[in-house]
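Since the model is a prediction, treat every value here as computed from it, not as a measurement.
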Amino acid sequence: MSFYPQVILNSGKEHSLKRFHPWVFSGAIKKIEQEVKDGDLVEVYSAKNEFLATGHYQQGSIAVRILSFEKKEINHDFWVDKIKQAFNFRTLINLSDNKQTNVYRLIFAEGDNLPGLIVDYYNGTAVFQAHSVGMYLARNKITDALKEVMGSKLTAVYDKSAETLPDRAATEAKNGYLFGSSTSGQVIENNNKFKIDWEGGQKTGFFVDQRDSRKLLADYVKNKTVLNTFCYTGGFSVYALNGGAKMVHSVDSSKKAMELTDLNVSLNEKSSNHESFTADVFSFLKDIDDKYDVIILDPPAFAKSRHVTHNAVQGYKRINMEAMKKIKKGGILFTFSCSQVISRPLFTNTVIAAAIEAGRTAKIIHHLSQPADHPINIFHPEGEYLKGLVLYIE
């Protein structure tokens, strides 16, 4: 018995699903037994009529995002079970009841076997982002499951999917509360205070994925001068100031980002050791001379698709070269790429090329990645998107 319309694959295209990869590409599909539309649940079968998986259908390169490799109905119990697994994992890694940190990623798409769904938790408010039409259509069912699993820990659910859905679906999507109402938005991360604007900020309001890297930075900044570029809400700046930095300069081209940074610095009562600059980072780096002991390069994704990879590599090379030229001798450089299409070896080789052109020798002292609440599904290595290096510049 089938619960949903059947998608039949071409011969030989079932192997990736048998290895539990959670995507079906459009080119693998032979036929669809009945008419389906974006967001519909479908069952995927091999050319030999063997059941393979159930998932959300959507027009595009990734045609089906897999929710289950077992034949089952995608109902309330399914959502509760999936969210409970995700929540229990965050409990295991000491995030769901942590007195020093009340902000974390609760659901990380394929990493939690829920492709197309991101949920970040901010001290009671869950910010929901659907990256597929199927997840968007299930938003109320997912909200009900979140409420059942999290109980009193959940006071609101805010849907911020309008920015992440395909254009044809986003036109009808409106951001807003699915449960509860607006709260103060103040959180703590490793006892550092932050004000989060999930309604108007980028992504879900805060770059939760840099928590471990921010904590590591604090070990290197005591009595140092620090430059935090592409600072957004000033996460690295606040950690540096609370870690004992002598002076921190924050740079971003967005005036709103600088206002958020200044607010977060003031929340931590560190304004006297901080100065902000609304400026283009590439231009700013050209005029800093050897002023800084520590520089953080955490740019937005320079490449979101493979056809612009070359341009992205040149961007990473250029910005790392400028920072290496100007950082003090014996300085520490934290440098990152959040572009999924830039592999870890490619990023490392790009930074090496930057060091050669800058004429500086360097030691790699840390390889960085996303934290444990952004788990990488072993069958979906594409889930590793954040790459970072900490370099000692000689």
Chemist: Got a donor-acceptor contact below 3.5 angstrom from the Asn192 side chain to the Glu189 backbone?
Modeler: yes
Chemist: Any luck finding a side-chain donor-acceptor pair between Tyr232 and Thr261 under 3.5 Å?
Modeler: no
Chemist: So, does Thr229 use its side chain to make a donor-acceptor pair with the main chain of Ile296 at under 3.5 Å?
Modeler: yes
Chemist: Donor-acceptor pair, Ser339 side chain versus Val341 backbone, under 3.5 Å?
Modeler: no
Chemist: Going by atom types only, do Glu382 and Asn377 share a side-chain donor-acceptor pair under 3.5 Å?
Modeler: no
Chemist: Is there a side-chain contact between Val351 and Met324 (heavy atoms, below 4.5 Å)?
Modeler: yes
Chemist: Under the side chain to side chain contact (heavy atoms under 4.5 Å, CB included) rule, what do Tyr45 and Leu52 come out as? Steps first, then yes or no, please.
Modeler: CA-CA 5 Å; Tyr45 288 79; Leu52 298 169; 5.7 Å; no
Chemist: Judged by atom type as modelled, is there a donor-acceptor pair below 3.5 Å linking the side chain of Asn98 to the main-chain atoms of Gln100?
Modeler: yes
Chemist: Does Phe3 offer a backbone N or O that forms a donor-acceptor pair with the side chain of Glu43 under 3.5 Å?
Modeler: yes
Chemist: Count the heavy atoms belonging to other residues, nucleotides or ligands that lie under 6.0 Å from CD of Glu269, then report whether that count exceeds 12.
Modeler: no
Chemist: Aromatic ring centroids of Phe20 and His380 under 6.0 Å?
Modeler: no
Chemist: Scan side-chain atoms only and decide if Ser237 and Ser250 contain a donor-acceptor pair under the 3.5 Å cut-off.
Modeler: yes
Chemist: Any Lys/Arg nitrogen of Glu50 or Lys18 sitting under 4.0 Å from an Asp/Glu carboxylate oxygen of the other?
Modeler: yes
Chemist: Looking at Lys13, I want to see if its NZ is surrounded by more than 12 non-hydrogen atoms of other residues, nucleotides or ligands under 6.0 Å.
Modeler: no
Chemist: Centres of the Phe128 and Tyr158 rings: under 6.0 Å?
Modeler: no
Chemist: Should the ring pair Phe277 and His249 be called parallel, tilted or perpendicular, given that the plane angle runs from 0 to 90° and is split at 30 and 60?
Modeler: perpendicular
Chemist: Just wondering, do Tyr392 and Ile332 contact through their side chains at under 4.5 Å, heavy atoms?
Modeler: yes
Chemist: How are the rings of Tyr385 and Phe108 set to each other: parallel, tilted or perpendicular (split at 30° and 60°)?
Modeler: tilted
Chemist: Could you tell me whether the side chain of Asn175 and the main chain of Ala162 form a donor-acceptor pair under 3.5 Å?
Modeler: yes
Chemist: Taking the six-membered ring for Trp, are the ring centroids of His21 and Phe379 within less than 6.0 Å of each other?
Modeler: no
Chemist: Any chain of hydrophobic side-chain contacts (each under 4.5 Å) joining Phe336 to Phe207?
Modeler: no
Chemist: Indicate yes or no for a side-chain donor-acceptor contact from Tyr4 to the backbone of Ile74 under 3.5 Å, with no hydrogens or angles considered.
Modeler: yes
Chemist: Have Gln186 and Asn123 got a donor and an acceptor in their side chains that come within less than 3.5 Å?
Modeler: no
Chemist: For Tyr239 and Asn190, does a side-chain donor sit closer than 3.5 Å to a side-chain acceptor?
Modeler: yes
Chemist: Above 12 or not: heavy atoms from other molecules or residues under 6.0 Å from NZ of Lys71?
Modeler: yes
Chemist: Is there side-chain contact between Tyr177 and Glu199, with at least one heavy-atom pair below 4.5 Å?
Modeler: yes
Chemist: Could you tell me whether Arg344 and Glu384 have a side-chain N and a carboxylate O separated by less than 4.0 Å?
Modeler: yes
Chemist: Is there a side chain to side chain contact (heavy atoms under 4.5 Å, CB included) between Glu259 and Leu263 once you walk through the steps?
Modeler: CA-CA 6 Å; Glu259 290 171 353; Leu263 173 60; over 6 Å; no
Chemist: Show which side-chain atoms of residues 142-152 pair as donor or acceptor with protein atoms under 3.5 Å away, not counting sequence neighbours.
Modeler:
from: Thr143; atom 1: OG1; to: Arg139; atom 2: O; distance (Å): 2.8
from: Glu148; atom 1: OE1; to: His76; atom 2: NE2; distance (Å): 2.7

Chemist: Does the distance from a Lys or Arg side-chain N to an Asp or Glu carboxylate O, for Glu357 and Lys317, drop under 4.0 Å?
Modeler: yes
Chemist: Are any side-chain N or O atoms of Ser68 and backbone N or O atoms of Glu70, one a donor and one an acceptor, separated by less than 3.5 Å?
Modeler: yes
Chemist: State whether the number of non-hydrogen atoms from other residues, nucleotides or ligands found under 6.0 Å of Lys328 atom NZ is greater than 12.
Modeler: yes
Chemist: Classify the side-chain pair Ser253/Asp280 by whether it contains a donor and acceptor separated by less than 3.5 Å.
Modeler: no
Chemist: Scan His374, Lys82, Arg105, Arg90 and name whichever one has a side chain to side chain donor-acceptor pair (under 3.5 Å) with Asp112.
Modeler: Arg90
Chemist: Please step through side chain to side chain contact (heavy atoms under 4.5 Å, CB included) for the pair Ile188 and Phe194, ending with a clear verdict.
Modeler: CA-CA 6 Å; Ile188 56 170; Phe194 295 99; over 6 Å; no
Chemist: Would you give the length of the straight line joining atom OH of Tyr220 to atom NE2 of His366, rounded to the nearest 0.5 angstrom?
Modeler: 2.5 Å
Chemist: Give a yes or no answer on whether the side chain of Gln129 reaches the backbone of Lys160 with a donor-acceptor pair at less than 3.5 Å.
Modeler: yes
Chemist: Any chance you could lay out the side-chain hydrogen bond (donor to acceptor under 3.5 Å, both in side chains) test for Asp159 and Ser161, step after step, and finish with the verdict?
Modeler: CA-CA 6 Å; Asp159 175 19; Ser161 301; 2.6 Å; yes
Chemist: Any chance you could measure Ile327, atom CD1, to Ile393, atom CD1, to the nearest 0.5 Å?
Modeler: 6.0 Å
Chemist: Under a 4.5 Å side-chain heavy-atom rule over Ile, Leu, Val, Met, Phe, Trp and Tyr, are Leu391 and Leu346 clustered together?
Modeler: yes
Chemist: Where do Thr335 and Tyr316 land on the side-chain hydrogen bond (donor to acceptor under 3.5 Å, both in side chains) test, with the steps shown first?
Modeler: CA-CA 9 Å; Thr335 182; Tyr316 287 120; over 6 Å; no
Chemist: Does a side-chain heavy-atom distance below 4.5 Å link Lys48 with Glu14?
Modeler: no
Chemist: Strictly below 4.0 Å, N to O, side chains only: are Lys37 and Glu35 in salt-bridge contact?
Modeler: no
Chemist: Under 3.5 Å, side chain of Lys256 to main-chain N/O of Gly200, donor-acceptor pair present?
Modeler: yes
Chemist: Taking it one step at a time, do Glu394 and Lys329 satisfy salt bridge (Lys or Arg N to Asp or Glu O under 4.0 Å)?
Modeler: CA-CA 5 Å; Glu394 297 178 316; Lys329 184 177 181 180; over 6 Å; no
Chemist: Salt-bridged, Arg211 to Asp373, with N to O below 4.0 Å?
Modeler: yes
Chemist: Surrounding NZ of Lys195 (heavy atoms of other residues, nucleotides or ligands, distance under 6.0 Å), is the total greater than 12?
Modeler: yes
Chemist: Is the shortest distance from a Lys or Arg side-chain nitrogen in Lys246 or Asp293 to a carboxylate oxygen in the other one below 4.0 Å?
Modeler: no
Chemist: Look at the side-chain heavy atoms of Ile, Leu, Val, Met, Phe, Trp and Tyr, link any pair under 4.5 Å apart, and say whether Phe284 and Val226 land in one connected group.
Modeler: no
